[in-house]
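This structure is a prediction, so every number in the text was calculated from the model and none was measured. Here is how names work: the chains are called A, B, and so on, in the same order as the sequence lines, proteins then strands, and each is numbered from 1. Computed over heavy atoms, backbone and side chain alike; hydrogens, waters and symmetry mates excluded.
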4 protein chains.
Amino acid sequence: MNSFGKIFKFTTFGESHGKAIGVVIDGVPAGIKIDENFIQNEMDKRKPGKNRFATQRKEDDKVEILSGVFEGISTGTPISMVIFNNNQKSRDYDNIKDVFRPGHADYTYWYKYGIRDYRGGGRSSARETAARVAAGAIAKLILNELNIEIKSGVIEIGGVRAKKEDFEFAKNSEIFALDNEVEETWKELIDTKRKEHNSLGGVVKVKISNLPVGLGEPIYYKLDNILASAMVSINAVKGIYIGNSESHTLTGKENNDEITKDKFLSNNSGGILGGISNGDDVEFEVYFKPTPSIFQEQKTIDKFGEEKDFSLQGRHDPIVAVRGSIVAESMSAVVIVDMLLLNMTRTMDNIRKVYNNES
Amino acid sequence: MNSFGKIFKFTTFGESHGKAIGVVIDGVPAGIKIDENFIQNEMDKRKPGKNRFATQRKEDDKVEILSGVFEGISTGTPISMVIFNNNQKSRDYDNIKDVFRPGHADYTYWYKYGIRDYRGGGRSSARETAARVAAGAIAKLILNELNIEIKSGVIEIGGVRAKKEDFEFAKNSEIFALDNEVEETWKELIDTKRKEHNSLGGVVKVKISNLPVGLGEPIYYKLDNILASAMVSINAVKGIYIGNSESHTLTGKENNDEITKDKFLSNNSGGILGGISNGDDVEFEVYFKPTPSIFQEQKTIDKFGEEKDFSLQGRHDPIVAVRGSIVAESMSAVVIVDMLLLNMTRTMDNIRKVYNNES
Amino acid sequence: MNSFGKIFKFTTFGESHGKAIGVVIDGVPAGIKIDENFIQNEMDKRKPGKNRFATQRKEDDKVEILSGVFEGISTGTPISMVIFNNNQKSRDYDNIKDVFRPGHADYTYWYKYGIRDYRGGGRSSARETAARVAAGAIAKLILNELNIEIKSGVIEIGGVRAKKEDFEFAKNSEIFALDNEVEETWKELIDTKRKEHNSLGGVVKVKISNLPVGLGEPIYYKLDNILASAMVSINAVKGIYIGNSESHTLTGKENNDEITKDKFLSNNSGGILGGISNGDDVEFEVYFKPTPSIFQEQKTIDKFGEEKDFSLQGRHDPIVAVRGSIVAESMSAVVIVDMLLLNMTRTMDNIRKVYNNES
Amino acid sequence: MNSFGKIFKFTTFGESHGKAIGVVIDGVPAGIKIDENFIQNEMDKRKPGKNRFATQRKEDDKVEILSGVFEGISTGTPISMVIFNNNQKSRDYDNIKDVFRPGHADYTYWYKYGIRDYRGGGRSSARETAARVAAGAIAKLILNELNIEIKSGVIEIGGVRAKKEDFEFAKNSEIFALDNEVEETWKELIDTKRKEHNSLGGVVKVKISNLPVGLGEPIYYKLDNILASAMVSINAVKGIYIGNSESHTLTGKENNDEITKDKFLSNNSGGILGGISNGDDVEFEVYFKPTPSIFQEQKTIDKFGEEKDFSLQGRHDPIVAVRGSIVAESMSAVVIVDMLLLNMTRTMDNIRKVYNNES
C-alpha cells in the first residue's frame, strides 16, 4: 500500500517528525550512472523555506544513499535513500494532539487505526513527498539517457488561468509559473491570502516529450489511469485531466486528432490513445485543493468527540500546488520508467533483441 | 495488466468480436448469495440497443457463470463469467482493416504489438466494459449486505450542466439524467449531433453512501487514487475530480469541511481525507470525451503509412458518457469491496475479532 | 491467490465437476505463433484414462481458445482457454457429500470457507492442473523459439530409485519412467498396490537445458524459490530439492562446482547460484505423496463432527507422480518464461537494445 | 523482487559491506505493542561471533527503528528498521574482486547485471538474512498475541540424523541441536571439518503450533507452497519437505492421516491439506547445502575469463544450517502472519464480524 509501480517499484516510509523518511526502489536496472548532485538538486526544487510563497519551515532534505549503488553505478539491487529529520523533537504539538484539523487526515487516521502520530501530520504529512522526489530523481536518470523529458509548471492559481505554457520560464520562476504575464498577479494573490491567514488552490500542468509509441499496458495498467493514480495519490490533489481539459464539452469532430504521415494534427488526446502513448507529447492537468492548514478559527471536534473552536498555529504553505508541481513531475517520471520496462516484455521481437546475443 | 484490485481482484479477457469476453474474479468471499437475476439486470443497464441514445447494435450480454458458485452460494474460489459473442463473424471490417480510426486505439495497438485484431476494435473496444459490469455486480451483492449504496447519473452533456442531482430520477431516465428539467434539452442535443453524424462528450457523477470510516490504504492505495485509476481506465474517460470540482479555485477557509459531533458541515472533500473515507458520502465526477466514432470524413493514415480521407460506417453511441455511468458505478463497487477487505486487516482489534473464536 | 507469475501471469478457475475449468494468461508477448495442435498434444500427455497406470476416468480435456489470438498469432492481450466438462452431472457423490476423505482437502475447505463443492473434490481436485498444462503449453511455444528445452520423468516410485536418467526413454514410457531397466519393476509395483486398493508415492525429476545465464530475481523472486513455490503448489507435492539431492550430506569441497573456461566441472548446484541461472542445466526433484484416494476403510468424521468408518469408491490414479511429471514440466515452463521477461528489464544495456530503434 | 508477502509485506535492502542493511514492512496492523528488546533478542540469536560453531566475524546487528511506531505502538504505517554496518571499509577484498568464488553467486551476479559489489558478497551475502529476522520479530509479536508458537532446530548435520525432536533443548544449544545425545557428535564433526578448512551441510526442522484451521489461499498462495518459496529463498537452502519426509516412499494407507472427533491420528501431512492448515502442527524440514566458503584450493575463473587456482581467506561459518534455523523460523513467522491477514477476508461471516460494529 506504501509501494508504487510494478517493475520499477518504490516503497516509502517515515513520518513527518519521526527519525527519518525514506524510500526503497526495487527494480532499478543495473548500469545507471547515479549522479548524487542531480538527485540532491531535484530534492532542492521541492524543499521548503526558499521564498515567501512556500512554508518558512527549514528542512534540509539531505538525501543519503544506503544501498544499491557501487562505485557510482546502480547494481540492480534495491536503492534505498534516507532523509534524516534533524529537529524532530523541537516543536510543540500539544494543540493538535487530540484535535482533528479540518481538511486534514487526522480524523480518518484516528478512526481507521485507533492511533495517530500527531506530530506534524505523521505519515499523512506532505513531507512524505520528499521520498517520491528522491525516487523520481532515479527515474529521471534513466529517462535522461533516453532523451525523454518531463516538464511541469503552474497553470492556474485561485481561479486565475495562465494564457501561455512556457515551461522554460516556469523552471526559474519562484512559483513555477507557466506564464510570465500572470506570475505577478498570482504572487500578489498568494501574498494577500497568506496575510489573511487563508490559502489557495491551483492547477499544475505536466508535459512529457520524446516518448516512444507503445507505453501503457491495457486494460488496467494504461498509461493514463496509472498517471491518474499517481497524481491523485499526491497530497491535496483532487483531480486530473488528460489532454485538452475541455474534451468533455467538445464534439467528436472537434476532439478527434486527425493523423498525417508526419504527425497528429492536434493533441486533444494528450498523447494517449487506448491507454497507450502515441508518440505525441503526453500532457495533463492536476488539480490541487487549497492548503487545509489555515490560521482562522474553525469548528471541529477532538478525539473524545468534544466540539472545539480551533485555531491552527505554525508555518505552512499558502498554496501547495506550487511545490506540488515538482512532486507531480517526479511521480510522472516513475510511471514512465515503469511503463518503459513493462513494454520491453510485450513482443517476441523484443525478446529476440535481448536474448539473441545471450542464449 | 488486465487485472484490477488487490484482494477482490478481477481479470478480464476477450475481444469485441472474438468468441467471447469474460471475467475471472479472485478473492470473492465465501458465503455470498449469488443472485443471477441481479447480475443480468446489471448487465442489461449497460446493454446497447435499448433506445436511440445508444448504439443500435444488438448485443445480448447474457452472462454465464462457469465456476465459484455452488448451490447458489459463493464458495471462495474464483468466479468466472463468460459472455459469448453470438454474431462474431457477421460484420465486414474491410474498411478499417488497415486504417487507423482517429481518436481510437488502432494506431497505438498496431505500433505497440505489431499486430491488431481490427474486428470492432478488438480488445480496445468498450465492449470489454461488459465484463467490468459483471464483476461490479458481484461486488454489489457484497455491498448490499452491508447497506452500502452506489448511485450514478449524467451531470453534464455537451457543456450543458445539470442544476440538480436526482439519482432516483436518473435510474429511470433513458439517458441516466440527474436533472429532469435538463433531460429534454440533452436528448435534443444528442439527437441533433447524431443526425449530423457527430458525437458528444459528457460528465458522470457517482455517489457512494453509508460507507464506514476507514476505507483506503495510504499512501499509494488510497481510496481516491484507486478510484481515479479505476475511472480513467474506462474507455473514453479523460479525467476525474473528487468532491467539489471547484476546490482548486477556492480558499482553504471555503474548502475545508468543518466538523461537529454529528457530521461534517459540508462535503467539499468528497468524503475522503488523506485518502481514507470519513463516513460522509464519497462523491466524484468522471469526464468522458465524445465518442471518437463519427461518420464524417477525417484525415488519417493506414498501417503502410499512406494518408487516407477516411469515413467510418456502422452503428455507434452518439455519447459514451450515458452507458459509461453504469460502468463507472460498477468500477466503484469493485474498488469499495477491495478497500473493505483490505481495511479488515489493518488493526490488531480486527484480528482479535476474527480469530478469538477460532484459534 | 489463483494467479501465478509476475509478467507472464496466469489465473485458473473452475471446479472438477462444474461447468468448466480454464485459465487466463496475461502478459503473453505479441507475435507468437499459437499452434493449437501443440497445445492439445500437451493436454493429452496429462489426460487420464490412457492406460492402467492412471485413473480410468475419461476426460477429453479439449481446450478451446476464447481470446488473445488473431489469425493464429498472439496479439498481446490475455489468452483465455476453457475446457468444458462434458459429463458434469453423471456421478453420484452422495457418499462424500458430508464426509471428509482422509488425506484430502475436504476438511480444510469446509472449515475455511464454511461451504464446499464436494463434487469430485471441487476446486481442490487435481483436475485444476489441466489448466496449468494449457498455460504451460503457451509458455513452451515461447521457449521453443529460444531453443530452451524442458524435460521430465519419474525417478523413483514406492522407494525404488532409478539408476539412469534417460529423458528420451521417459517421453515414450507409459509411466514416464527415466530408467528402462526399472520400468517393469515399477509397473508391477503399481499393479500390485492398485489391486490392493492402495496407492503409491514417487519422485519426479525435471531438467531444463539451454538457459541463458541471468534468470532469477534475487532475493525473493529467485529462480529456485519460485520453482519451489510452483512445484509445491501442485496437488500431492510435499517437497522439492534443487540440484544434487544429497547436498546437505556433503562437505563444501565435495559440493562446490568448480569452474573452468568452458564449463562448470560438476552440477551439484542444479544450475542455480544465488537464485540466478548459471547457464548449466537447471535440475530438481519433486516429491509426490501417494494418492490419498484409496479404497480401503479409513476412520474419519463428517461435517457434523460424527465419526465414520469410510470407504471411498470410484476411479483414481494409483500414483499421482506419473501424470504429475507433466504438470511439473508445465509449471517449470511458466516460471522460466516469467523469469526471461523479468530479466529483460534488469540492465540499461537491454533497455538500450530495445529502445534505440524506437525512441 | 526484494519483497515478500501480500498484506504483511516486507522489502529488504542493503549490501553486506555497504552503509547499511534494512527492511521496510508494509501492512503491519496498528495497535501492536512493539517490544524493542524482543526484536533485538531475535537478532542476537542469528548474530555471528558467539561461539566456535559460527563465523568469528563480529557484527553487532543493532536494529534501529526509523518509522511506523509511536509511543511504543505500531501505527499501521510502514515499519522500517536499519542495521548500520560499522566497519564497512576495514576489509581487504582484493583477492575476490575479480574472481568468482565456486558455489557463490559471484558468477551469476556478474553475468546478469554486468556489475557486482564484491565486498563480502554484496547483496547475495547471507548478511541480508538479518533483515529477515527483524521482519520476523515484528511478525512474532503478532503471533504471540494469538498464542501461535514457532520453534526450530537442527535435525541433521553431515548426514548424521537426530533421533529426537526436543525443541526446548534446541533453544539453549549452541548449535540449536534437537537431540542432546547427538549434539556432541555434531560438534566434533563441525570442529573436524572446520580444522580441515572444509564445511558441512545440514537439515533444519520447523514446527508451528496452535494455528487456526484455514490458513493458506489455494491454488497458488497455499500455505505450503509459500513456505517453500520462503525457505528456498534463504541463502544455501536447496530444498524443503512438508510433513513426513518419507511420504513419497509410503502407500496411501500408510500416509493418510485418519481423523477422529478430537484429532488427526497421525501428522504425515505436516498439518496442511490442500494447501490449508488443518489445525495440527505445521511441520517441515529445510535442507541446507554446506557453506561454499572453504579454505582449500579450488579451480575457478575470473571476470576476464581466465582460469585460477583460488584459495579463499577470511572468517566463515563452518555450517550455515545452524544460524539458518533462526532465519527459517523468522521466514515462517512472516508467512503465517500474512496468511492470517489474508484469511480474515475470505468469508462473509468475517466481514460481518468486523463491520457490524462500524458501518
Side-chain angles (χ1 to χ4, degrees), chain A residues 1-2 4 102-103 105 107-108 111-112 114 124 128 159 198-199 201-203 213-214 217 219-222 224-225 228-229 232-233 238-243 247-253 255-256 258-261 273-274 276 278 287-292 294 296 298-301 305 307 347, chain B residues 1-2 4 102-103 105 107-108 111-112 114 124 128 159 198-199 201-203 213-214 217 219-222 224-225 228-229 232-233 238-243 247-253 255-256 258-261 273-274 276 278 287-292 294 296 298-301 305 307 347:
Chain A
M1 325 304 179
N2 290 276
F4 192 89
Y107 182 94
T108 50
Y111 285 109
K112 181 180 182 72
S124 71
E128 184 269 348
N198 207 340
S199 64
V203 183
V213 181
E217 302 300 319
I219 302 291
Y220 301 108
Y221 210 74
K222 289 174 169 172
D224 43 6
N225 78 293
S229 176
V232 178
S233 77
K238 301 304 289 180
I240 182 175
Y241 208 114
I242 315 287
S247 281
H248 61 285
T249 67
L250 302 180
T251 66
K253 178 69 178 169
N255 190 63
N256 280 351
E258 291 183 286
I259 318 174
T260 67
K261 279 183 186 189
L273 287 170
I276 301 170
N278 68 8
Y287 304 92
F288 287 80
K289 72 174 184 181
T291 321
I294 58 172
Q296 302 185 26
Q298 298 175 88
K299 283 190 210 312
T300 189
I301 61 170
E307 299 193 341
T347 64
Chain B
M1 326 302 178
N2 290 276
F4 191 89
Y107 181 94
T108 50
Y111 285 110
K112 182 181 182 72
S124 71
E128 184 269 346
N198 207 339
S199 64
V203 183
V213 181
E217 302 300 318
I219 302 291
Y220 301 108
Y221 210 73
K222 289 174 170 171
D224 42 8
N225 79 291
S229 176
V232 179
S233 77
K238 301 303 288 182
I240 183 177
Y241 208 114
I242 315 287
S247 281
H248 62 285
T249 68
L250 302 181
T251 66
K253 179 68 178 170
N255 190 63
N256 281 351
E258 292 183 285
I259 317 174
T260 65
K261 279 184 188 188
L273 288 169
I276 301 170
N278 67 9
Y287 305 91
F288 287 80
K289 72 174 184 181
T291 320
I294 57 172
Q296 303 185 26
Q298 299 175 88
K299 285 190 206 311
T300 190
I301 60 171
E307 298 192 343
T347 63

Looking only at heavy atoms and a cut-off of under 4.5 Å, which of E258(A), Q298(A), K222(A) has the most pairs with chain B? E258(A)
Scored by heavy-atom pairs under 4.5 Å with chain A, the best of P292(B), P290(B), P102(B) is P290(B)
Residue pair F288(B) / K238(B), side-chain heavy-atom distance below 4.5 Å: no
Check whether any side-chain N or O of K289(B) sits under 3.5 Å from a backbone N or O of H248(A) as a donor-acceptor pair, and report yes or no. no
Tell me, out of G252(B), G103(B), G202(B), who's got the most heavy-atom pairs with chain A below 4.5 Å. G252(B)
Which of S199(B), G305(B), G114(B) touches chain A most, by non-hydrogen pairs under 4.5 Å: S199(B)
Between E128(A) and chain B, which part of the residue has a heavy atom less than 4.5 Å away: side chain, backbone, both or neither? side chain
Could you look at Q296(B) and say if it's the side chain, the backbone, both or neither that has a heavy atom under 4.5 Å from chain A? side chain
Please state whether the side chain, the backbone, both or neither of K253(A) comes within less than 4.5 Å of a heavy atom of chain B. both
Excluding sequence neighbours, so at least two apart, what forms ring-ring contact (aromatic ring centres under 6.0 Å, His included) with Y220(B)? F4(A), F10(A)
Test item: E307(A) side-chain N/O and K261(B) main-chain N/O as donor-acceptor pair under 3.5 Å: yes
Please rank G159(B), A105(B), S229(B) by heavy-atom pairs under 4.5 Å with chain A and give me the top one. S229(B)
When heavy-atom pairs shorter than 4.5 Å are enumerated against chain B, which of N256(A), I242(A), L250(A), T249(A) gives the highest number? N256(A)
Between K299(B) and chain A, with a heavy-atom cut-off of 4.5 Å, which part of the residue counts as in contact: side chain, backbone, both or neither? both
Could you tell me which of T291(B), T347(B), I294(B) has the largest number of non-hydrogen atom pairs under 4.5 Å with chain A? I294(B)
Which residue out of G214(B), G243(B), S247(B) racks up the most heavy-atom pairs below 4.5 Å with chain A? G214(B)
If every non-hydrogen atom of V213(B) is compared with every non-hydrogen atom of Y111(A), which pair is closest and at what distance? CG1-CB, 3.5 Å
For N278(A) and T108(B), test the side chains for any donor-to-acceptor distance below 3.5 angstrom and give the result as yes or no. no
Going by the rule side-chain hydrogen bond (donor to acceptor under 3.5 Å, both in side chains), which residues pair with D224(A) if we only count those two or more places apart in sequence or in a different chain? none
So I301(B) and Y107(B), do their side chains get closer than 4.5 Å, heavy atoms only? yes
